[in-house]
Amino acid sequence: MSEHIDSVLTETRVFPPPTAASVGMPRWHVASMQEYRALHRRSLDDPEGFWGEQARMLAWSRPWTRVLDWNPPDARWFVGGQLNACFNCVDRQVETGHGEQVAIVWEGEPVRAPSASAGSNTRNTSPVAGARGSDPEIRRLTYRDLQRETSRLGSALRSLGVKKGDVVTIYMPMVPELAVAMLACARIGAAHSIIFGGFAPHAIVERVIDAKSRVIITADGGYRRGEVVPLRKNVDEALTALGSAGHGVEHVITLQRTGTPTQDAAPGIRGSAPGFHDYHTLLDRANADCPCEAMDAEDMLFLLYTSGSTGKPKGIVHTTGGYMVYTTMTARLVFNLIPDAGQLFWCTADIGWVTGHSYVIYGILPGRVPTLMYEGAPNFPASDRFWDIIERHRVTQLYTAPTAIRTFMKWGQEWPRKHDLSSLQLLGTVGEPINPEAWVWYRDTIGGGRCPVVDTYWQTETGGHVISPLPGCTPTKPGSCTLPLPGIDAAVVNEQGEELPPNQGGLLVTRRPWPGMLRGIYGDRQRYVQGYWSRVKGPGGTALQSGGKNTGLETGAATPYYFSADGARRDQDGYFWIMGRVDDVINVSGHRLGTMEVESALVSHPAVAEAAVVGMPHEIKGTGICAFVTLKSGSGRKADDGLRKELAAHVAREIGALARPDSIRFAEGLPKTRSGKIMRRLLRDLAAGVEKITQDTTTLEDYSVLARLRETDE
Ligand code: PRX
């Protein structure tokens with residue numbers, strides 16, 4: 001990678017923070033920049049004091065003896081302490097007398113049109129003129145309900161032999177039972193590995209094997225844009241493949257959501273077939289008494305797979321104490337959560353992504369503010385479904401992705417205009433850089449120009465927000481995630497770890513550990529050390545070497561920096577501007593995708609010899625997927641539109657619809673260096689339609705390839 005990353009974005013607008021009263025908040029947790037600066041300074045000067053204070057906001061069954069034990073790159077937080085994540089989300093609220101308060105407001109996707117006769121059971125899923133007046137299914141679960149349900153499922157899991165430390169795979173739609181399933185795992189000390197319902201059977205197979213998971217909780221299907229997503233069918237396909245791979249799954253629990261018929265046997269399974277259980281039957285028989293397991297702060301809470309720069313997704317490990325402290329603190333400060341103040345927080349992410357883990361469930365429930373879950377698509381039955389939900393439920397904080405905002409802009413402001421959005425107090429975004437135009441549209445059209453916008457930068461690995469405005473104090477600049485949160489020592493550096501002057505692009509690092517940081521990649525120590533701790537040198541030229549027996553540094557030695565794999569710059573005011581990934585990961589609609597994963601899917605098609613995948617600018621998705629493909633000469637297939645469609649469908653089937661390429665370009669050869677490395681930067685320029693290739697092409701092995709590639713437009 002070159003030392004210098006160019007930054008072209010110039011944005012000069014600054015929006016001061018609104019007063020709490022003007023948005024209807026009782027107060028801001030952090031109300032002035034002076035307060036923020038003092039808090040940030042204190043968190044770095046006295047991290048143990050600061051984090052100890054934050055941790056005391058949770059309930060611990062045994063106090064910690066040390067706040068931090070840092071043996072780079074291994075951090076242990078709240079050493080010796082014990083707590084339970086489900087207890088802090090659920091039981092604690094019941095025990096303090098809030099059991100009857102609503103914890104989760106859930107809305108299903110299907111609606112009955114207003115004309116449908118009352119009491120009719122038939123679901124009319126045909127589009128209506130707008131979502132207003134439609135009649136969706138709504139459920140409200142109190143903390144007591146959650147306590148009962150997580151206890152019953154927890155007992156059921158225990159009776160199936162699930163023990164503390166086991167990994168339970170969850171592949172479900174956005175229904176309350178998904179929240180129950182994850183919290184039930186936490187209750188009994190089993191780690192969960194949630195797989196987003198949009199992923200294909202192959203993704204289930206590789207994650208189940210990697211996690212050594214023996215139990216799967218799923219549903220017959222889920223609703224998405226009026227259609228049924230066949231979740232259980234995908235699990236059945238995965239079970240067959242798992243059987244062939246010699247991996248036995250012992251139990252499959254299926255929730256009936258859509259009424260899709262399922263068979264209690266997956267076809268063609270080799271070896272012993274799993275036990276199949278109906279979710280409700282199992283819970284009806286379960287013991288309602290299921291005490292929360294006392295977990296060590298460093299016990300694994302969950303595994304969440306995310307893409308990296310190889311073809312194999314990595315299982316990011318989060319532990320109980322640090323993650324809970326961090327998500328609870330960041331949710332409270334960034335979203336200004338206040339219990340008993342009439343708030344209803346809505347994060348639109350699926351729980352299958354880290355955003356859903358941290359800010360639908362784990363960071364929100366301890367704050368005792370109800371969290372809204374919506375099952376389906378934003379344009380079902382019409383393009384105003386989100387605004388309709390906000391109006392009907394009186395949502396106060398909305399947290400969504402830039403790609404969604406760009407889609408809403410395209411659909412037009414007439415959809416939000418139909419609705420009363422005056423309940424909104426705060427708007428948040430996450431997942432990718434937001435273009436200033438979308439930021440301003442969000443602020444004005446959705447927030448009525450009143451609400452603060454928090455652009456939160458973070459990653460699966462960071463557990464929670466790391467750079468973000470605090471709504472009551474940070475002046476915001478459209479497109480900038482602004483300043484590091486308390487406890488975060490973020491910087492833009494070169495590979496030597498030297499901090500760069502203002503407005504010069506470089507590598508985004510964090511120079512100290514924080515409680516929410518990942519504790520590793522499941523089963524792959526080397527990838528953890530190499531991916532995050534070896535690239536950028538810390539003070540004194542320290543970077544960890546991967547390989548060998550490197551388990552850390554000598555005590556007292558300089559600390560290596562955590563490398564995010566993002567490029568960024570800091571402006572003259574110290575504001576961070578994220579410039580995107582500098583590895584072979586692309587960010588499609590706010591979702592991380594490894595280009596190698598898409599390449600592997602493409603070359604698994606019989607006609608494909610070689611494939612190279614790069615990102616390209618995309619109006620809605622931020623980054624689209626462009627694939628350069630060479631065909632096997634003997635395959636007998638022609639490079640035509642038919643094959644193009646077939647390959648796109650093949651990738652969607654192998655990985656999931658989110659990986660479907662936006663553009664497939666057939667080529668006779670791919671540009672490579674003499675050592676055989678594909679020159680991706682060159683392909684990126686070609687995909688973006690850059691006329692004049694500025695890349696250094698002197699290492700290109702065969703110049704004619706470049707000329708021919710230019711001719712291969714779609
Ligand atoms: O490139 C950054 C981008 O999303 C990546 C992390 O993706 P993932 O682990 O899937 O988590 C997404 C939700 C936290 C980062 O490396 N990213 C995330 N938030 C922002 C962002 N880029 C710019 N601005 C953001 N606010």
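Treat the numbers as computed from the prediction; the structure is a model and nothing was measured. Just so you know, these numbers use all the heavy atoms, side chains as well, and skip hydrogens, waters and symmetry mates. We count ligands from 1, going down the list as the structure has it; atoms in each ligand are counted the same way.
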Which pairs of N or O atoms, one from ligand 1 and one from the protein, are separated by less than 3.5 Å, and what is the distance for each pair?
| from | atom 1 | to | atom 2 | distance (Å) |
| --- | --- | --- | --- | --- |
| ligand 1 | 1 (O) | Asp566 | OD1 | 2.6 |
| ligand 1 | 1 (O) | Asp566 | OD2 | 3.4 |
| ligand 1 | 4 (O) | Gly431 | O | 3.2 |
| ligand 1 | 4 (O) | Asn587 | ND2 | 3.1 |
| ligand 1 | 9 (O) | Thr460 | N | 2.8 |
| ligand 1 | 9 (O) | Thr460 | OG1 | 2.6 |
| ligand 1 | 9 (O) | Arg592 | NH1 | 2.8 |
| ligand 1 | 16 (O) | Gln459 | NE2 | 2.9 |
| ligand 1 | 16 (O) | Asp566 | OD1 | 3.4 |
| ligand 1 | 16 (O) | Asp566 | OD2 | 2.5 |
| ligand 1 | 16 (O) | Arg581 | NH1 | 2.9 |
| ligand 1 | 17 (N) | Gly431 | O | 3.3 |
| ligand 1 | 19 (N) | Gly431 | N | 3.1 |
| ligand 1 | 22 (N) | Pro433 | N | 3.4 |
| ligand 1 | 24 (N) | Glu432 | O | 3.3 |
| ligand 1 | 26 (N) | Asp455 | OD1 | 2.7 |
| ligand 1 | 26 (N) | Thr456 | O | 2.7 |

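Between Tyr562 and Trp533, the gap from one ring centroid to the other is short of 6.0 Å. Residues Trp458 and Tyr359 bring their aromatic ring centres within 6.0 Å. Separation of the Phe576 and Tyr457 ring centroids does not fall under the 6.0 Å cut-off.
Evaluated for a side chain to side chain contact (heavy atoms under 4.5 Å, CB included) with Ile216, the options Ile170, Thr169, Val168, Ile195 yield exactly one hit, Thr169.
Among residue pairs with one or both ends in residues 428-450, those qualifying as ring-ring contact (aromatic ring centres under 6.0 Å, His included) are Phe15-Trp439; sequence neighbours excluded.
Geometrically, Arg207 engages Phe199 in a cation-pi contact, judged by NZ or CZ lying under 6.0 Å from the ring centre and within 45° of the ring axis.
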